[in-house]
Amino acid sequence: MTDTSEVRSDDRAAHETQRTRLHRLMRYIPLIAPVLLWAVPCWVLLYTGQHWPLPVALVGTALFVLGLVAMPLAMGRGHGRRQQDWAAIIGDTLLGASWVLFTWSVLLGVLLRIALTVAGVGESQDRARIVTWAVLGTTAVLLAWGYAEARRVPRVRRLDVQLPRLGAGLDGTRVALITDTHYGPLDRARWSARVCETVNSLEADLVCHTGDIADGTAERRRAQATPLGTVRATHARVYVTGNHEYYSEAQGWVDLMDELGWEPLRNRHLLLERGGDTLVVAGVDDVTAESSGLAGHRAHLAGALNGAEPDLPVLLLAHQPKFIDRAAAAGIDLQLSGHTHGGQIWPFHHLVRLDQPALAGLSHHGTRTLLYTSRGTGFWGPPFRVFAPSEITLLVLRSPQPPTAP
């Protein structure tokens, strides 16, 4: 017979080993990634048999070199000490554009070239030039579409979620979820107001924001965040910190959300009572909070549940899906998270899955715990969303018990 505790221990050890390797790799990515993102497309588009005229090759190479130099410099000025928004916009846009160009240079540079060769289309030079124009055309279309997707008001994603311990009186409770709004260098105050109008149209009992409100301090992004004060909920508006708050004076964001009428659930809970039944709504600080050095900030689930009756169903807000291991061990009924952006720009989701147990949607963990991971309401950095649409989520909680007759 296999000892299941040993199997779980081996699984945890393997997961920790994978995570350690990932963290080691992450140290070198800032040095290696820019070179790969610009050098690979340059080689594929200009020097794999196209035989472009010398002026075309020289101008093309100069543009790739300019991108390679400008992107890290702009991102450094935009996201470093200087925090210059214009530089962040340039750097982030170049990052997104280079990622899409790199991806399709690799895919079409291999697959399309093979297909053209098998089909016997043209000479070698003709096939090489077809690949170049196909990559450039695909990249242009995806960037235009991705920009429109990133800047639009998200569509509402609606789903019913049955919780076995939910009382009949709470059946039909409407929970609206927004997350990862990432107010930042691009002024999105009007977008923010329209998002809040959409949330209000849902007539939710509970509205949740699971962190990463903005990139920048509360003082700096106040104008974009202020519309959050107009959000309406029948019972409560609740908020937990994300990792990006801890890059930008997290306590300032906690204070601003409190000022705007939201309940910051910093390792505590409140009770939502409806139809004679009760739901515990708990929240924890982001898992990065303790390493931020801010006094009193840490993810503390036991503190969040302190004083709650153990038989009551629990809805937990935790920014990162990876908190689900602790939530499942504690028997949480439903955890709401964001953080992943659904990958934001395909195929980045493969890298996200190395760090998180879920990418998007509803998933089961442990004996009774459900996790809902939102793809996020806004975008981080590059103003593009490619095959990873943003969302405002409406979860309707369902009870397995028949409703009580009036």
Engineer: If the condition is side-chain contact (heavy atoms from CB on, under 4.5 Å), which residues does T179 pass it with, not counting sequence neighbours?
Structural biologist: T210, H319, S374
Engineer: Using side-chain heavy atoms (C-beta onward) and a distance below 4.5 Å, is V287 in contact with R326?
Structural biologist: yes
Engineer: Quick one: CD1 on I345 to OG1 on T103, what's the gap to the nearest 0.5 Å?
Structural biologist: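 I345 atom CD1 to T103 atom OG1 measures 8.5 Å (nearest 0.5 Å).
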Engineer: Under a 3.5 Å distance rule, please check whether T373 uses its side chain to pair with a backbone N or O of S337 as donor and acceptor.
Structural biologist: no
Engineer: Identify the heavy atoms of A282 and L305 that sit nearest to each other, and give their distance.
Structural biologist: CB-CD2, 4.0 Å
Engineer: Would L271 and V280 count as a side chain to side chain contact (heavy atoms under 4.5 Å, CB included) if you check the C-alpha gap in whole Å, the side-chain angles of each, and the deciding distance to 0.1 Å?
Structural biologist: CA-CA 5 Å; L271 302 178; V280 176; 3.8 Å; yes
Engineer: For the atom pair CH2 (W38) and OG1 (T61), what is the distance rounded to the nearest 0.5 Å?
Structural biologist: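 It is 13.0 Å, given to the nearest 0.5 Å.
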Engineer: Should the heavy atoms of other residues, nucleotides or ligands under 6.0 Å from CZ of R232 be counted, would the total exceed 12?
Structural biologist: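 12 or below, so no.
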Engineer: Looking at R385, R155, R375, which one forms a salt bridge (charged side-chain N to carboxylate O under 4.0 Å, His left out) with E149?
Structural biologist: R155
Engineer: Test of understanding: with side-chain contact (heavy atoms from CB on, under 4.5 Å), list the residues that count as partners of T132, not counting sequence neighbours.
Structural biologist: L45, Q50, W52, L136
Engineer: Is there a side chain to side chain contact (heavy atoms under 4.5 Å, CB included) between V231 and N200 once you walk through the steps?
Structural biologist: CA-CA 6 Å; V231 169; N200 287 339; 4.1 Å; yes
Engineer: Please identify each residue that fulfils side-chain contact (heavy atoms from CB on, under 4.5 Å) with P313, with sequence neighbours left out.
Structural biologist: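 Once residues adjacent in sequence are excluded, the partners of P313 under the side-chain contact (heavy atoms from CB on, under 4.5 Å) criterion are R165, L166, L279, D333.
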Engineer: How many angstroms lie between CG in L228 and OH in Y239, if you round to the nearest 0.5 Å?
Structural biologist: 10.0 Å
Engineer: Of the non-hydrogen atoms in T198 and S201, which two are nearest, and what is the gap between them?
Structural biologist: O-OG, 2.5 Å
Engineer: Take R353 and L359 through the test side chain to side chain contact (heavy atoms under 4.5 Å, CB included) and record every step on the way to the result.
Structural biologist: CA-CA 7 Å; R353 284 305 303 268; L359 185 72; 3.8 Å; yes
Engineer: Can you tell me how far apart OG1 (T138) and CG (L101) are? Round to the nearest 0.5 Å.
Structural biologist: 10.5 Å
Engineer: Between V195 and P154, is any pair of side-chain heavy atoms under 4.5 Å apart?
Structural biologist: yes
Engineer: Is the backbone of H244 close enough, under 3.5 Å, to the side chain of D212 for a donor and an acceptor to pair up by distance?
Structural biologist: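 Yes; at least one donor-acceptor contact below 3.5 Å.
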Engineer: Determine whether V161 and R398 make a side-chain contact, defined as any pair of heavy atoms from C-beta on separated by less than 4.5 Å.
Structural biologist: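 No, their side chains stay 4.5 Å or more apart.
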Engineer: Please find the pair of heavy atoms, one from L186 and one from Q224, that lie closest to each other, and give the distance.
Structural biologist: O-OE1, 3.5 Å
Engineer: Has R368 got a side-chain atom pairing as donor or acceptor with G331's backbone, closer than 3.5 angstrom?
Structural biologist: yes
Engineer: Check for a donor-acceptor pair, side chain of Q83 on one end and backbone N or O of G80 on the other, with a separation under 3.5 Å.
Structural biologist: yes
Engineer: Locate the shortest heavy-atom distance separating G172 from D205; write the atom from each residue and the value.
Structural biologist: O-OD2, 4.2 Å
Engineer: Using the side chain to side chain contact (heavy atoms under 4.5 Å, CB included) rule, take V238 and C208 through it: C-alpha gap first, then chi angles, then the decisive distance, then the call.
Structural biologist: CA-CA 5 Å; V238 292; C208 309; 3.7 Å; yes
Engineer: Does the side chain of S192 come within less than 4.5 Å of T181's, by heavy atoms?
Structural biologist: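 When only atoms from C-beta onward are counted, S192 and T181 do not touch, as no gap falls below 4.5 Å.
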Engineer: Which residue, L315, I332, L362, forms the side chain to side chain contact (heavy atoms under 4.5 Å, CB included) with L370?
Structural biologist: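 It is L362, the one option of L315, I332, L362 that forms the side chain to side chain contact (heavy atoms under 4.5 Å, CB included) with L370.
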Engineer: Tell me if a side-chain donor or acceptor on S98 pairs with a main-chain N or O of L95 at a distance below 3.5 Å.
Structural biologist: yes
Engineer: According to salt bridge (charged side-chain N to carboxylate O under 4.0 Å, His left out), does anything in residues 65-89 pair up with another residue at least two apart or in another chain? List the pairs.
Structural biologist: D85-R220, D85-R221
Engineer: Checking R194 side chain against R152 main chain: does a donor-acceptor pair fall under 3.5 Å?
Structural biologist: no
Engineer: For residues 255-310, pull every pair meeting ring pair (Phe, Tyr, Trp, His ring centres under 6.0 Å), keeping only residues two or more places apart or in separate chains.
Structural biologist: Y246-H297
Engineer: Quick one: does any side-chain atom of R268 pair with a main-chain N or O of P264 as donor and acceptor, under 3.5 Å?
Structural biologist: yes
Engineer: Side chains of W191 and T377: does their closest heavy-atom pair fall under 4.5 Å?
Structural biologist: yes
Engineer: Sub-3.5 Å donor-acceptor pair from the side chain of R151 to the main-chain atoms of P383, do we have one?
Structural biologist: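 Flag not set: sc R151 to bb P383 has no pair under 3.5 Å.
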Engineer: Which atoms form the tightest heavy-atom contact between P357 and I324, and what is the distance?
Structural biologist: CG-CG2, 3.8 Å
Engineer: Does atom CD (E290) have a neighbourhood of more than 12 heavy atoms from anything else shown, all under 6.0 Å?
Structural biologist: no
Engineer: Would you say T288 and Q320 make side-chain contact, with heavy atoms under 4.5 Å?
Structural biologist: yes
Engineer: Among pairs that include at least one residue of residues 64-101, which meet ring pair (Phe, Tyr, Trp, His ring centres under 6.0 Å), considering only residues two or more places apart or in two chains?
Structural biologist: W99-F348
Engineer: Taking atom CG of D187 and atom CD1 of I89, what is their separation to the nearest 0.5 Å?
Structural biologist: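 If I round to the nearest 0.5 Å, the distance is 9.5 Å.
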Engineer: Do the side-chain N and O atoms of Q401 and D171 include a donor-acceptor pair separated by under 3.5 angstrom?
Structural biologist: no
Engineer: Take atom CD of E203 as the centre, draw a 6.0 Å sphere, and report whether it contains more than 12 heavy atoms from other residues, nucleotides or ligands.
Structural biologist: no
Engineer: Donor-acceptor check, side chain of Q356 to backbone of K322, threshold 3.5 angstrom: yes or no?
Structural biologist: yes
Engineer: What distance separates Q344 CD from F387 CZ, expressed to the nearest 0.5 Å?
Structural biologist: 14.0 Å
Engineer: Within the distance-only criterion (no hydrogens, no angle test), does the side chain of D286 pair as donor or acceptor with the backbone N or O of G242 below 3.5 angstrom?
Structural biologist: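 Pair absent, no side-chain N/O of D286 close to backbone of G242.
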Engineer: Are the side chains of D215 and W380 in touch, meaning some heavy atoms are under 4.5 Å apart?
Structural biologist: yes
Engineer: Is it the case that more than 12 heavy atoms not belonging to W145 sit under 6.0 Å from its CH2 atom?
Structural biologist: yes
Engineer: Scan side-chain atoms only and decide if R113 and T48 contain a donor-acceptor pair under the 3.5 Å cut-off.
Structural biologist: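 Yes.
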Engineer: Ignoring hydrogens and geometry beyond distance, is a side-chain donor-acceptor pair present between E391 and T393 at under 3.5 Å?
Structural biologist: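 The answer is yes; a qualifying pair exists.
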Engineer: Taking the side chain as C-beta and beyond, is there a heavy-atom pair between L395 and L336 under 4.5 Å?
Structural biologist: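 When only atoms from C-beta onward are counted, L336 and L395 do touch, with a gap below 4.5 Å.
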Engineer: Looking at every non-hydrogen atom in both residues, tell me the closest pair between G109 and V44 and how far apart they are.
Structural biologist: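 Result for this residue pair: CA-CG1, 4.2 Å.
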